[in-house]
Amino acid sequence: MNSGERAVRRELWNELPEHFKYRYRVEAGLNFIAKRRGNGYGWEKFEYYQTLKEKKYGFLKGTLLRWWMNLDVAYAYLLTIFQRLKR
């Protein structure tokens with residue numbers, strides 16, 4: 001459930017903008033495509049949690065890793081917005 005591995009059809013992978021095909025961005029990119037298509041997008045709460053990076057790596061390193069991940073995903077979304085504005 002939390003392995004980082006995903007299986008998607010090639011057509012979906014090809015539809016994903018290139019700047020989402022990197023590190024933490026893939027998950028956000030797949031959500032982006034699902035939301036844009038308008039079907040199959042939703043959420044459900046499970047009795048599961050992922051260990052916080054701060055607990056896993058210590059406060060300083062965990063906080064830096066969390067911010068790095070969030071900024072990386074935000075960068076991909078900004079690239080998408082700017083590419084759409086250029087069209």
Quiz prompt | L78: hydrophobic cluster co-members (side-chain, 4.5 Å) | solution = I81, F82, L85
Quiz item: Under a single-linkage rule joining Ile, Leu, Val, Met, Phe, Trp and Tyr whose side-chain heavy atoms are separated by less than 4.5 Å, which residues share a cluster with L79?
Solution: Y75
Quiz item: Hey, what do you get for CH2 (W13) to CD (E15), rounding to the nearest 0.5 Å?
Solution: 12.5 Å
Quiz item: Sequence neighbours excluded, which residues qualify as side chain to side chain donor-acceptor pair (under 3.5 Å) partners of D72?
Solution: R25
Quiz item: So which heavy atom on L16 is nearest to which on L30, and how close?
Solution: CD1-N, 3.9 Å
Practice problem: State which residues pass side-chain contact (heavy atoms from CB on, under 4.5 Å) with R84; sequence neighbours excluded, sorted by chain then number. | Solution: F32, R36, T80
Quiz item: Who pairs with E54 by side chain to side chain donor-acceptor pair (under 3.5 Å), at least two apart in sequence or on another chain?
Solution: R66
Quiz item: Excluding sequence neighbours, so at least two apart, what forms side chain to side chain donor-acceptor pair (under 3.5 Å) with E18?
Solution: K21
Practice problem: With sequence neighbours left out, write down each residue that passes side-chain contact (heavy atoms from CB on, under 4.5 Å) with A28, or none if nothing qualifies. | Solution: F20, V73, Y77
Quiz item: Residues two or more places apart in sequence or in another chain: which of them pass side-chain contact (heavy atoms from CB on, under 4.5 Å) with K61?
Solution: Y57, L65
